[in-house]
Each structure stands twice: as C-alpha cells, then as structure tokens.
Amino acid sequence: MLAPSPLTATSRSKPEERAKLLAARYAGLDGADFLRPLIKTEFPGRIALVSSFGTESAVLLALAAEADPAVPVLFIDTGKLFGETLRYRDQLVARLGLTDVRTIRPDPGALSRLDSDGMLWNRDVDGCCGVRKVAPLDKALKEFDAWISGRKRFQSSTRAAIPGIEASEEGHIKINPLALWDRERLDLEFTRRALPRHPLEADGFPSVGCYTCSARVEPGADPRSGRWAGMAKTECGIHRPSRSQNNGADI
C-alpha cells in the first residue's frame with residue numbers, strides 16, 4: 001500500500017486523479033480500516049459522513065464511529081421526515097458515541113418563496129428535493145473536501161456500478177465504503193454488532209425518506225421501489241453523476 005500523503009494543489013484541482021490514487025492506495029481494505037486513514041490522514045478535518053439515519057444507515061455509522069467518533073455526520077432534516085427516523089437518529093447517536101452530528105435544514109427564506117404551503121412535493125417533486133435536500137447539503141459540504149456515502153450497488157439498478165471512491169460532479173472526493181456489500185453481509189453486520197433496526201423497516205419500509213414520498217414495498221422487491229413510487233424519479237438529487245463515471249474511469 002502506498003504511503004499516505006497530504007492533499008496538494010494539483011490533487012485539489014484534479015479530484016478525479018486523486019480519486020484514482022486513493023482507490024489504488026486503499027484497495028483491499030474494508031470497514032473501519034478503510035475509513036480510518038481517509039478520515040484521519042487524507043482529509044483530516046475536511047471529510048464528513050452524510051447519513052439519512054435510514055434502514056441501512058447503522059452499519060456505516062458504526063464503522064465510522066469505530067474509525068473516529070468525532071467525524072462530522074451531516075443529517076438533513078427536510079421538515080418532512082417520519083418521527084420514527086428522528087427518534088432512531090437520537091438512539092444511534094447515543095449508542096455509537098458519535099460526537100459531531102450536525103442537523104442540516106432548508107433555508108427558511110427559500111421555503112417561504114418556493115414551498116409556502118408545504119405541498120411542493122405534490123406539484124414539483126424534484127423542486128421539493130432541491131430546496132429541502134440538495135441545496136442545504138451543497139451549502140454544508142462547502143467546508144469539506146470529501147464526503148462519505150452509504151450507497152450500495154445492490155440497492156437499485158441505478159446504483160449497480162458505483163465505485164468505492166469517486167470524484168463528484170461538484171469536485172469533492174466521494175467515498176462509498178459499502179458499495180460492494182450485499183444484503184447478506186449488511187444483515188450479518190447488523191447482527192454481529194447488535195445494532196438496532198429502524199422501526200419502520202418491520203412495517204414494510206426497506207428504504208425510508210420523507211413521509212410524503214416513501215411507501216411500503218412487497219417482500220423481495222427492489223428496496224428503493226417505495227421511494228417516489230409511481231413517479232419517474234429514483235434519486236433525490238444529492239447523488240449526481242460523478243466525474244469518474246462521466247470520464248469512463250474505473251476506480
């Protein structure tokens with residue numbers, strides 16, 4: 001494995017090259033052993049984990065807490081979340097000992113202009129995600145060079161080729177530590193660590209977002225098929241195409 005090196009002006013200006021370098025440097029590592037050098041050596045104080053505290057979130061949060069419980073965790077409270085999700089967040093934070101969980105909220109002025117009646121989701125679902133999730137996260141990420149995502153290939157066809165490390169469209173380095181994990185491995189880790197499950201999972205919600213746009217799904221169906229069900233939409237918008245994917249890079 002290559003010796004870690006700090007960020008340079010060149011690597012900052014060419015995130016896709018740095019993503020390739022990091023992918024090669026940490027190839028073969030997994031779990032907290034993968035996250036620890038990225039958090040502590042490669043991006044000290046400049047990396048955050050973005051978590052919805054959804055049905056699969058506990059494993060990644062546990063790995064991050066094992067690597068560094070002080071890593072910033074960004075949680076987007078859209079104002080449309082299930083109460084169960086908010087209580088689950090508090091339960092996991094206390095259980096895992098995370099010390100820097102930051103709640104990110106939409107800009108009140110933007111909500112007043114664009115969604116004064118709270119029904120934008122019913123008129124313009126992309127616009128609702130934009131003002132309640134994408135814009136707040138984009139603003140919060142400005143102080144970071146890298147961020148950690150919980151996306152996995154098995155979750156849906158639109159995520160079937162995500163790499164472990166990529167350069168985001170916005171110029172961040174994006175880390176997907178669980179990209180290659182399958183459902184069985186995820187469940188085994190929940191059991192091994194005795195992690196609590198999201199209370200809505202047992203009620204037929206394998207993927208949970210806003211209550212306005214989350215529905216129950218049949219057993220065995222695509223876990224994300226209940227998100228924006230019946231709409232031509234599969235992602236909220238915070239995960240844009242990466243530079244690596246646009247350039248055809250295999251990292």
Q | Heavy-atom pair of closest approach, residues R132 and T78 | A | NH1-O, 2.7 Å

Q.
I'd like to know if K139 pairs up with D107 as an ion pair, taking the criterion as any Lys NZ or Arg NE/NH1/NH2 lying under 4.0 Å from an Asp or Glu carboxylate oxygen.
A. no

Q.
Please determine whether residues L186 and L35 belong to a single hydrophobic cluster, defined as Ile, Leu, Val, Met, Phe, Trp and Tyr linked transitively by side-chain heavy-atom distances below 4.5 Å.
A. yes

**Q.** Whether K174 side chain and A19 backbone form a donor-acceptor pair below 3.5 Å
**A.** no

Q.
If hydrophobic clusters are built from ILVMFWY residues whose side chains come within less than 4.5 Å, do F190 and L98 share one?
A. yes

Q: With side-chain contact (heavy atoms from CB on, under 4.5 Å) as the test, would you mind laying out the steps for R36 and V71 before giving the verdict?
A: CA-CA 10 Å; R36 190 174 292 109; V71 64; over 6 Å; no

Q) Is there side-chain contact between I165 and F34, with heavy atoms separated by less than 4.5 Å? A) yes

Q: Please round to the nearest 0.5 Å and tell me the distance separating atom CZ of F82 and atom OG of S214.
A: 5.0 Å

Q. Do C210 and L81 come within less than 4.5 Å of each other through their side chains, counting heavy atoms only?
A. yes

Q.
Does any part of the side chain of L92, heavy atoms only, come nearer than 4.5 Å to the side chain of P196, both counted from C-beta?
A. yes

Q | V50 vs F144 side-chain heavy atoms within contact, under 4.5 Å | A | no

Q: Check F205 against A215 and note the closest heavy-atom contact, atom names and distance.
A: CE2-C, 3.6 Å

Q. At what distance, to the nearest 0.5 angstrom, does CG of L200 lie from OG1 of T55?
A. 9.5 Å

Q. Does the ring of F43 carry R18 above it, NZ/CZ under 6.0 angstrom from centre and within 45° of its axis?
A. yes

(Q) Same cluster or not: L195 versus L61, using hydrophobic residues (I, L, V, M, F, W, Y) connected whenever any side-chain heavy atoms lie under 4.5 Å apart? (A) yes

Q. Of all heavy-atom pairs between P177 and D30, which one has the smallest distance, and what is that distance?
A. O-OD1, 4.4 Å

Q | Spacing of CZ belonging to F53 relative to CG belonging to D77, to within rounding of 0.5 Å | A | 11.5 Å

Q.
How close do Y88 and A58 get, counting heavy atoms only, and between which atoms?
A. OH-CB, 3.6 Å

Q) Rounded to the nearest 0.5 Å, what separation is found between the NE2 atom of H198 and the OG atom of S57? A) 8.0 Å

(Q) For the CG atom of L21 and the NZ atom of K14, what is their distance to the nearest 0.5 Å? (A) 13.5 Å

(Q) Could you check whether any side-chain heavy atom of I104 comes within less than 4.5 Å of a side-chain heavy atom of L137, counting everything from C-beta outward? (A) no

Q. Between the side chain of R105 and the main-chain N/O of G79, is any donor-acceptor distance below 3.5 Å?
A. no

Q) Say you draw a straight line from CG of L60 to OG of S149; how long is it, rounded to the nearest 0.5 Å? A) 8.0 Å

Q) Can you tell if the side chain of E42 reaches within under 4.5 Å of the side chain of I173, non-hydrogen atoms only? A) no

Q. Are L63 and R193 close enough that some pair of their side-chain heavy atoms sits under 4.5 Å apart?
A. yes

Q) What pair of heavy atoms forms the shortest contact from A70 to T99, and how long is it? A) CA-OG1, 3.2 Å

Q. Within the distance-only criterion (no hydrogens, no angle test), does the side chain of R216 pair as donor or acceptor with the backbone N or O of G204 below 3.5 angstrom?
A. no

Q. Are the side chain of R46 and the backbone of E143 linked by a donor-acceptor contact shorter than 3.5 Å?
A. yes

Q.
If hydrophobic clusters are built from ILVMFWY residues whose side chains come within less than 4.5 Å, do L49 and W181 share one?
A. yes

Q | Residue pair E56 / R183, side-chain heavy-atom distance below 4.5 Å | A | yes

Q. Between D117 and R123, is there a salt bridge with N-O shorter than 4.0 Å?
A. yes

**Q.** Transitive ILVMFWY side-chain link V125 to L120, under 4.5 Å
**A.** no

Q | Salt bridge flag under 4.0 Å for residues R192 and E189 | A | yes

Q) Looking only at heavy atoms, what is the nearest atom pair of E66 and A32, with distance? A) OE2-CB, 3.5 Å

Q: Might you work through the side-chain contact (heavy atoms from CB on, under 4.5 Å) test for D182 and R185, ending with a clear yes or no?
A: CA-CA 5 Å; D182 58 19; R185 185 176 181 190; 3.2 Å; yes

Q) Has the side chain of D115 got a donor or acceptor atom that lies under 3.5 Å from a matching backbone atom of M119? A) yes

